[in-house]
Amino acid sequence: MSSNVRTRFAPSPTGFLHVGGMRTALFAWLVARQGKGQFILRIEDTDQKRKVEGAEEHIIKCLGWLDLVPDEGLKNPIRQSERVKDGVYQKWADKLIESGRAYADPYSPDEVQKFREQAQADKKPFLYRNHRPENPPQWKPGLPLRFKSEPKDYVTHDEVMGDIKTGPEVVDDFILIKADGFPTYNFAHIVDDSEMEISHVIRGQEFIASLPNYRNLYEALDIEPPIFATVPHIMNEQGNKKLSKRDGAKDILDYRNEGYLPETMISFLATLGWNDGTEQETFTIDELIDKFSLARVQKSGARFDERRLIWLNGAHIRQLKLDDLYTYVSPHNDDFIHGAGYWPEAAYKSKYDQAYRKKVLNLVQERLKFFAELPELTGFFFEDLPVNPELISTHKQLKKYDKSELKKYLEKAKASFEGSDFSEADLTDRLNSLLEETGEKPIVLFSLIRIATTQASSSPGLSQTMAVLGKEKCISRINAQISAL
RNA sequence: GGCCCCAUCGUCUAACGGCUAGGACACCAGGUUUUCAUCCUGGCAAUAGGGGUUCGAUUCCCCUUGGGGUCACCA
């Protein structure tokens, strides 16, 4: 066996990928990179019934988004269904039949189900081998082929979980080849991992109970087992079950579509159940290649807390250069952004140019948590929002004021702004003078002007915002507010 | 029910058997002369319970409790 590090991501194409699956892929990719080995994508499509159209393309797209590019299996995906056609699994199955380690299962699914229900009624785990037929028929296609196990004690080492001790009671005769001729996962992955010289099998916790069965099959097949690494599940927000699609887990591409950065997702996934022992909170992909280790992966499941993801993305966005941020939020040719990109539609009307949009973006960069928030944050920069009386009637200070008084202040402000060149500095000066003139507190006067000029519940700094909006818009909006009072 | 795994603030987590159990998210308060946000400062908040071993236990052992996984012709 080669000592080369080779890891694989082996999803079944049954739907979209969520953070749990994506994290497993990331860990496998990291182990391959840091071992200077290969990362292989293998599509486990042996269940014809559960196969979902487009799922394979989706998986590749997800890997591409995070730049976890497979060294093998990308251009010509390795599909188990095709290996079935090539007779790969049959060849190994024949070996087992010859050596007496596989036999035909003569029972119908209903009969097996009865055994299972009996075991359940007796409050005992179901073991098929308790019903192992004495003289099984000659195996032929159309019958399930079962592994003839040789139950025994095992101590199985797992890179994450440590040594797992099990007794013979967990080793059973499982199905190798189904009646439809396709191999089960339990059989196919072992054959494939061996033929593809996979060194580390990194997968979710749901497989840990099967490890003794796999050990038994490895022995029967005379295959040296790979290194096992069992990664605990990511739990849902309530923490009571593993994160699942059924349970509302989001498609990983939804995060891309909502405007999360790939580097955010990488750092988030890596630190969900792993840390390097220091107080470092975020990691670049290069730091992860350098520092990641399976041994430091948490043994218990971590809950998925989207708030941390949101915070992390905001932090990454703030660090972006303006031009890079602009590229991210603008329309590109990708299949997921159309028309105005993340901008409000109005941002692409002819009167707004790139320079204007960049000025706007610069003002909202520090408050942007994900790109999909952009229309809400910037709408008023591109179109006049209708006067919203509630902004004043619910304002904790302004609601105490008489409308005629507010009108008076707005008239004064307008008069001052008429003479402004609308540079940020001049506007700041004028706003401060207005404060002295009226003797009002900033919270009152500035809130009033902010509401009049934006009609939004919050905005960037007032003089900055006004400078970007320009004189014409500000004056006309103040007029609109005055007549609405 | 059998088997396996797990157990530190609300959440993610740190702590060769040895400081007042540390950090981050979230939340709360104050500051950065408008709001929101950013940034800064401070605050709240945890070793599931019980036995051992030890001078000393978050750490090692046992029991209990709790949580998760698994017991498919799904992966």
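Numbered from 1 within each chain, the chains take letters A, B, ... in sequence-line order.
- Residue A:F304 is classed as having no contact, given no heavy-atom separation below 4.0 Å to the nucleic acid.
- Map A:T166 and A:G461 each onto its nearest nucleotide of RNA chain B; the residue landing nearer the 5' end is A:T166.
- A heavy-atom distance below 4.5 Å is found between the side chains of A:S423 and A:D426.
- As judged by a 4.0 angstrom heavy-atom cut-off over every strand, A:H395 is placed among residues making no nucleic acid contact.
- Nearest to the side-chain atoms of A:E281 among the listed nucleotides B:A24, B:G69, B:C74 stands B:A24.
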> Passes ring pair (Phe, Tyr, Trp, His ring centres under 6.0 Å), A:Y107 versus A:F115? Steps please.
Replying inline: CA-CA 10 Å; A:Y107 300 113; A:F115 297 148; 5.0 Å; yes

N/O contacts under 3.5 Å, protein versus nucleotides 5-9 of chain B?
from, atom 1, to, atom 2, distance (Å)
B:C6, OP1, A:K299, NZ, 3.3

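- Both A:W311 and A:G277 lie near RNA chain B, and the one whose nearest nucleotide falls closer to the 5' end is A:G277.
- Here A:E44 lies in heavy-atom contact (under 4.0 Å) with sugar-phosphate atoms only.
- Within the 4.0 Å cut-off from OP1 or OP2 of B:C39, at least one side-chain nitrogen or oxygen of A:R318 is found.
- Side-chain N/O atoms of A:R116 include one lying less than 4.0 angstrom from OP1 or OP2 on B:C73.
- Between the CD1 atom of A:I443 and the P atom of B:U33 there is a distance of 14 Å, given to the nearest Å.
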